[in-house]
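Working notes for the structure below.
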Amino acid sequence: MQENLRELILSDARGSVGRVEDGVSGWSDGDVVELEKWEELEEYLDEVCSLGLERLIRETDVLTGESVRLKKQLENVACGNYRSLIESFECAGAVREGVGAIRSRLDELVDALPELADSARRFRIEAVAAETERVGRERTLAEYGLVMELLEIPRLLLTLVRGDLYDEALELVAYVKKLNLIHGDVPAIADVERETLLIADLMVGQLLAVLRTAIQLPMCLRIVGYLRRLNAFSESTLRKTFLNCRGEWMRNALDVTTAPTLQGRLVRLADDTRAMIFEVVTQYRAVFSDDRDGGEHAGILQDWTLNCVLCFVAEIQKQVLDIPDGASLATVLHQCMYCGQSLGRVGADFRGLLPPIFGDAVQQLFGDHLSSANRRFESMVGEYRWTAVASTTQDDTGGSKDGVPSRDDDQFAPPAAVLDYPPLAVLLNGILSALNEVRSCAPIALAPVLARDLERSLLNTVEVLSRVRPKLIEKHHCSHFQSMVIMLRDVVTIHAALCLDRCMNRRSLLKMEAIQQATAALLDEEPSDHDEGTEREEQENDTQDLMGR
C-alpha cells in the first residue's frame with residue numbers, strides 16, 4: 001500500500017510539472033528529482049498513514065505553515081549570512097568552471113589514449129631491442145678475443161692460400177662452414193663465411209693454374225683431392241676441367257717447340273705430342289680410376305684424346321706442304337706413323353688419316369720437280385743448236401742399237417744415249433730426281449696420280465718440241481729434231497715408266513697412248529698398233545723382271 005501511495009504521489013508530481021492552479025505554481029523538474037531522492041519519504045508516508053482523518057485534514061495546513069516558517073528562516077539566514085552566500089555562489093561557479101575544464105581535459109586525454117598506447121607499445125619493443133643489443137654487446141665485449149679470431153679468419157685463409165698451404169686452408173674452410181651452420185643467423189659469421197667462399201674461389205683458380213703447368217702424377221692426385229674437398233665442381237665437370245687444363249699445358253708446351261728445320265720441328269712435334277698424350281692419359285686414369293669400368297664418364301677421355309689427335313693432324317696438314325725434299329717428308333711420315341701406332345694403345349690410332357695428307361705433299365713435291373724439269377727443258381730447247389754432234393756412246397759399252405740399254409745392264413741406270421741430247425738428259429734427270437724424292441714416302445694409292453702427272457709432264461715436253469718444229473723445218477734441221485723426238489718416245493718415256501713402276505711397286509702405270517700419238521704427230525707418222533703393243537709388251541716384261549728381283 002505504501003509503495004502504491006508513493007508511486008501515486010510521484011505520478012501526480014510529474015503530472016503537475018509546469019502547471020499553475022489558483023495562482024500557485026506546480027511542481028518543477030528539480031522538485032520531482034528531489035522528491036525521488038528523498039530518503040525519508042517512506043517514513044513520512046508511514047507516519048501519514050497512521051494519522052486519523054481530522055489529522056490528515058489539518059496536515060495540509062500544518063505543512064503549509066511549516067513551509068512558510070522554513071522560508072522565513074531561510075530568508076533570515078540568507079540576510080544574516082549574505083556575504084558567505086555570495087562567496088559560496090562564486091565558489092560554486094568556480095567549481096563548475098573547474099569541473100568543465102577538467103571534463104574537457106579528460107575528453108582530450110581519452111582521445112589521446114590510443115596514440116599513447118601505441119607509443120607505449122613501440123617504446124616497449126624498442127626497449128626490448130635495446131636490452132637485447134645491450135646484452136649482445138656485453139657478451140661480445142666479454143668474448144672480444146674470440147670475436148677477433150673469427151674476424152681474422154679470411155685474412156689467415158688468404159695467407160695460407162698464397163703460401164700454397166692448401167691442407168690447412170681446407171681445414172679452415174671446413175671450420176667456417178660448420179660455424180655458419182650453427183650460427184648462420186649471426187651477421188658477423190655470415191660475413192666471414194662470404195669472404196671465405198670468395199677466397200676459396202681464388203684457391204680453386206690457383207689450383208687450376210697449377211694443373212696448367214708441367215707437374216707429375218702425385219701433384220695431380222693432390223690437386224684433384226683438393227678440388228673434391230672444396231666441392232667446386234661436379235664429377236663430370238671436374239674430369240673435363242682436369243683434361244682441359246692438362247690440354248692447355250700440352251698446347252703451350254708444343255707452341256714453344258723449336259728446331260733448326262721444318263723437318264726437325266715436325267719430328268719433335270710428333271714425339272712431344274705422343275709423350276704428352278701418354279702422360280696425360282696415364283695421369284687421368286690414375287686419378288679417376290673408374291674410367292676403365294665404362295661408367296657414365298667413360299667417353300670424356302676418348303673425346304679429349306680425339307680432339308688432341310685432330311689438332312695434331314691439322315698442324316701436320318698445315319705445315320707438311322712446306323717440306324722441300326722427299327727425305328725429310330719420309331722422316332716426318334715415319335715419325336707420325338710411329339706416333340699413331342704408339343697412341344693406338346690408348347685407342348687413338350690416327351694412321352688412317354695420314355695417307356691423304358702426305359699424299360697431297362708428295363703430289364705437290366713431285367709436281368714441283370716435274371715443273372722445274374719442264375722449265376729447264378723448255379729453256380734449253382730455246383737455246384739449243386739443232387746440229388748433229390758426234391755420239392758420246394759406243395756400241396761396245398754393252399748398249400744395244402739406238403742407245404737402248406740391254407737387259408743385262410742395270411735397267412734403272414739412265415741411258416747413256418740420252419747424253420747426245422742435253423735437253424732430254426736434263427728432262428730425264430729431273431724426272432728421276434722427282435721419283436727419287438717421292439720413292440720413300442709416296443703412298444701406293446697415289447701411284448695413278450703420279451702417273452698422270454708424269455704423263456702431263458711428258459706431253460708438255462712434246463708440246464714444247466711442237467712449238468719449235470716450224471722454225472727447224474725452215475732451217476733444215478729436221479733430222480736431228482726427229483732423232484730427239486724418237487729418243488724421247490723410245491728411251492726417255494720408256495725409262496721413266498720403268499722407274500715409276502719400280503718406285504711405286506706397280507705395273508704399267510704410265511699410259512703410253514697419248515704420248516705415242518703426240519710424238520707420231522711430230523714425226524708425221526701414223527701410230528702403229530703393232531709397234532705400240534710391242535713397246536707395251538717390252539715395258540711389261542721389264543717391269544716383271546723388276547718385280548722378280
Side-chain angles (χ1 to χ4, degrees), residues 369-370 372-374 376-436 454-455 457-466 468-469 472 477-503 510 512 515-525 527-528 530-543 545-546 549:
H369 280 75
L370 291 181
S372 177
N374 286 124
R376 294 181 62 187
F377 174 80
E378 184 177 1
S379 176
M380 292 187 68
V381 166
E383 301 174 356
Y384 187 64
R385 293 183 302 173
W386 297 91
T387 57
V389 296
S391 177
T392 57
T393 59
Q394 299 179 356
D395 293 339
D396 57 358
T397 58
S400 62
K401 187 178 179 179
D402 296 331
V404 180
S406 66
R407 296 185 182 278
D408 295 334
D409 296 334
D410 186 0
Q411 298 183 25
F412 305 104
V418 182
L419 295 177
D420 294 338
Y421 307 92
L424 291 181
V426 171
L427 175 65
L428 183 58
N429 282 336
I431 293 174
L432 296 180
S433 175
L435 291 174
N436 285 328
L454 180 58
E455 181 182 356
S457 177
L458 293 173
L459 289 175
N460 187 37
T461 302
V462 175
E463 183 181 354
V464 171
L465 294 175
S466 67
V468 301
R469 182 172 179 268
L472 298 179
H477 295 313
C478 292
S479 60
H480 190 63
F481 174 77
Q482 291 177 351
S483 299
M484 180 181 288
V485 174
I486 294 173
M487 182 62 67
L488 173 63
R489 180 190 65 186
D490 298 340
V491 178
V492 175
T493 302
I494 299 300
H495 187 75
L498 289 175
C499 293
L500 177 63
D501 292 342
R502 177 66 178 88
C503 289
L510 185 62
M512 307 293 292
I515 300 174
Q516 294 289 342
Q517 292 175 3
T519 54
L522 289 178
L523 297 173
D524 296 328
E525 298 177 353
S528 173
H530 175 72
D531 294 340
E532 182 179 349
T534 303
E535 291 176 359
R536 172 64 61 183
E537 183 179 357
E538 291 178 357
Q539 181 182 359
E540 292 180 357
N541 292 334
D542 293 338
T543 306
D545 295 339
L546 171 64
R549 293 184 180 181

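The shortest distance between side-chain heavy atoms of M487 and V418 falls below 4.5 Å. By the 4.5 Å heavy-atom criterion applied to side chains, Q516 and T493 are not counted as neighbours. Contact of the I494 side chain with the M512 side chain is registered, since non-hydrogen atoms from C-beta on lie closer than 4.5 Å. Considering only heavy atoms from C-beta on, I431 comes within 4.5 Å of L458 through its side chain.
To the nearest 0.5 Å, atom OG of residue S483 and atom CG of residue L488 are 12.5 Å apart. To the nearest 0.5 angstrom, L435 atom CG is 7.5 Å from L370 atom CG. Put simply, CD on E455 and CD1 on I515 are 5.5 Å apart, with the number rounded to the nearest 0.5 Å. In this structure, the separation between CG on L432 and CG on N436 is 6.5 Å, given to the nearest 0.5 Å.
The heavy-atom pair separating M484 from L465 by the smallest distance is SD-CD2, 3.9 Å. Taking both residues in full, the closest heavy atoms of G430 and A373 are given as CA-CB, 3.7 Å, listed atom of the first, atom of the second, then distance. The minimum heavy-atom distance linking A518 with L459 is given by the pair CB-CD2, 4.1 Å.
By the side-chain hydrogen bond (donor to acceptor under 3.5 Å, both in side chains) test, N374 is found to be paired with S457, T461, residues two or more places apart in sequence or in another chain being considered. Partners of E378 under the side-chain hydrogen bond (donor to acceptor under 3.5 Å, both in side chains) rule, at least two apart in sequence or in another chain, are R467. Scored by the ring-ring contact (aromatic ring centres under 6.0 Å, His included) test, F377 finds no partners at all (sequence neighbours excluded).
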Fill in: side-chain contact (heavy atoms from CB on, under 4.5 Å) evaluation trace for V491 with L424
CA-CA 10 Å; V491 178; L424 291 181; over 6 Å; no
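Checking side-chain atoms of S433 against main-chain N and O of N429 turns up no donor-acceptor pair under 3.5 Å.
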